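Some notes on the structure that comes next.
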Amino acid sequence: MRFLLTDEQREFGRSLDALLTAADTPAVLRAWAAGDHGPGRALWGRLADAGVFALAVPEAYGGVGPLPVEAAVACVELGRHAVPGPVAETLAAGVLLAGAGGPVAEEWLPGIASGAAVVSLTLEGYGPYAPDADAADAVFTVTGDELRLAPGPGEPSASADPARRLFRPKPGGAPVAKGPAIRAAARAAGDTAAFATAALALGCGEELLRATVAYVKQRTQFGVPVGSFQAVKHRLADTLLGLEFARPLLYGAAVELASEVSRPGAGAGAGSAEGSPGTGAGSAEGSSGAGAAVAAAKVAAGEAGYAAARTALQLHGAIGYTEELDLAWWLRRARPLRDVWGTPSACRARVLAG
């Protein structure tokens with residue numbers, strides 16, 4: 001099994017890094033948190049032009065996917081730059097709607113691929129909240145074997161990340177698709193959301209570590225940089241190890257997902273046949289290799305990203321949690337990314353079951 005990225009995949013990541021570096025994402029984040037989605041939607045459009053959201057949409061609907069490895073490359077960069085908006089949810093919606101098929105797929109998938117449609121969603125077993133539903137063009141909900149288009153975003157709830165607002169979608173809405181295919185598509189969508197969130201968490205952790213290393217080289221105490229102290233070096237080394245151990249698990253999950261997509265007869269419902277999609281705590285017979293691999297990547301990347309946030313906060317001192325420091329936006333994002341679309345305990349249970 002080859003885990004090294006190709007030259008084209010590495011160049012794709014570099015191009016996204018250059019695009020996002022020029023976009024001043026801290027300013028976009030602040031605007032998004034204040035309710036001004038204009039700069040974020042403009043950035044979303046540029047990312048779509050680069051092909052990011054088409055990676056989860058089949059070619060039949062105007063996409064180029066599903067391409068899990070390229071999606072991982074993209075989401076790591078988006079996590080590194082803390083791009084606001086329901087990134088994981090929109091990618092998961094591409095998988096969900098492709099599995100549902102029919103008029104709803106024809107209506108929404110081309111817009112997802114082109115960046116014209118921002119989508120949030122809730123899936124049974126993953127909690128009631130749809131992130132950034134107020135900024136979404138559509139909010140889909142799945143209950144049992146019914147896929148519904150929510151009539152509105154609902155009321156906001158408190159969130160640890162002010163640039164990732166949580167909403168309980170309004171109940172009701174006419175079913176837009178139903179049947180056994182919806183259950184299968186929801187399982188695959190849940191895996192996609194967890195996988196994309198793992199990549200976002202890894203990128204977030206990498207940026208936190210980079211910023212912290214730069215800071216401890218500059219801050220001095222007793223006449224020397226604090227980065228020269230052994231205790232600081234050890235803390236940073238432990239943080240790096242956690243991120244580097246998570247990386248192959250993420251790309252291993254991408255390879256598993258790609259293999260599942262290319263397997264003859266595999267469809268949107270290639271995930272587990274039994275058990276809760278949210279906890280992944282189904283029987284071992286019902287857990288696919290891809291589902292267990294995604295859970296392993298999610299717990300490793302989520303925990304590593306959160307550990308990087310704790311390291312960054314400690315080594316930056318009191319300045320670390322001030323809103324004036326851009327780093328605070330990454331600090332606030334790390335824990336929600338760890339817990340959404342599969343908590344660490346749920347992901348570990350799924351790994352053990354699979």
Side-chain angles (χ1 to χ4, degrees), residues 56 68 71-72 75-76 78-79 86-96 120-132 140-142 159-161 164 166 183-205 242-243 245-254 256-257 260 268-284 286-307 309 333-354:
C75 286
V76 168
L78 269 60
V87 172
E89 292 73 23
T90 296
L91 294 173
V95 173
L96 174 65
S120 192
L121 80 165
T122 65
L123 299 175
E124 218 171 18
Y126 286 102
Y129 300 110
D132 296 309
F140 291 98
T141 65
V142 176
S159 173
D161 180 359
R164 182 183 169 85
L166 302 177
R183 290 182 182 271
R187 286 193 292 269
D191 282 347
T192 299
F195 172 71
T197 302
L200 292 168
L202 179 62
C204 179
L243 294 168
F245 272 102
R247 192 186 315 280
L249 288 173
L250 176 68
Y251 287 110
E256 289 281 357
L257 287 170
E260 200 166 74
S272 61
E274 303 289 345
S276 164
T279 62
S283 63
S287 296
S288 69
V294 167
K298 176 64 169 59
V299 68
E303 294 280 34
Y306 182 52
R333 180 153 294 199
R335 184 162 183 171
L337 289 176
R338 183 195 70 171
D339 295 337
V340 72
W341 295 112
T343 63
S345 60
C347 289
R348 290 189 178 96
R350 188 172 191 184
V351 172
L352 291 173

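As the structure is a computational prediction, the values presented were derived from the model and not from experiment. Nothing fancy with the numbering, it's 1 onward along the sequence.
Of all the heavy atoms in Ala253 and Ala293, the pair that sits closest is CB-O, 3.6 Å. Taking each heavy atom of Ala188 and Val95 in turn, the nearest pair found is CB-CG1, 3.7 Å. Between Cys75 and Val87 the shortest heavy-atom distance is SG-CG1, 4.3 Å. Counting all heavy atoms, side chain and backbone alike, Val299 lies closest to Cys347 at CB-CB, 3.9 Å. Closest approach of Glu260 to Ala290, counting heavy atoms only: OE2-CB, 3.4 Å. Of all the heavy atoms in Pro344 and Asp339, the pair that sits closest is CD-OD1, 3.6 Å.
Atom SG of Cys204 is separated from atom CG of Asp161 by 9.0 Å, given to the nearest 0.5 angstrom. The OG1 atom of Thr192 sits 6.5 Å away from atom CG of Leu257, with the distance rounded to the nearest 0.5 Å. Leu250 CG to Phe245 CZ: the interatomic distance, rounded to the nearest 0.5 Å, is 15.5 Å. A distance of 13.5 Å separates OG of Ser345 from CZ of Arg350, quoted to the nearest 0.5 Å.
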Report the C-alpha separation of Tyr306 and Leu337 in whole Å, then their side-chain angles, then the decisive distance to 0.1 Å, and conclude whether the side-chain contact (heavy atoms from CB on, under 4.5 Å) test is met. CA-CA 8 Å; Tyr306 182 52; Leu337 289 176; over 6 Å; no
Quick one, Leu121 with Val142, criterion side-chain contact (heavy atoms from CB on, under 4.5 Å). Give me CA distance, side-chain angles, the key distance, then yes/no. CA-CA 8 Å; Leu121 80 165; Val142 176; 5.8 Å; no
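Side chain of Ser120 to backbone of Asp132: no donor-acceptor contact under 3.5 angstrom is found.
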With a 3.5 Å cut-off and sequence neighbours excluded, list the donor-acceptor pairs that the side chains of residues 195-203 form with protein atoms.
from, atom 1, to, atom 2, distance (Å)
Thr197, OG1, Ala193, O, 2.7

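Within the structure, salt bridge (charged side-chain N to carboxylate O under 4.0 Å, His left out) pairs that include any residue of residues 293-307 comprise Glu303-Arg338, Glu303-Arg348 (at least two apart or interchain).
Among residues two or more places apart in sequence or in another chain, the side-chain contact (heavy atoms from CB on, under 4.5 Å) test is passed with Thr122 by Ala130, Thr141, Pro169.
Considering only heavy atoms from C-beta on, Phe140 stays 4.5 Å or farther from Leu123 through its side chain.
By the 4.0 Å N-to-carboxylate-O rule, Glu89 lies close enough to Arg164 to be salt-bridged with it.
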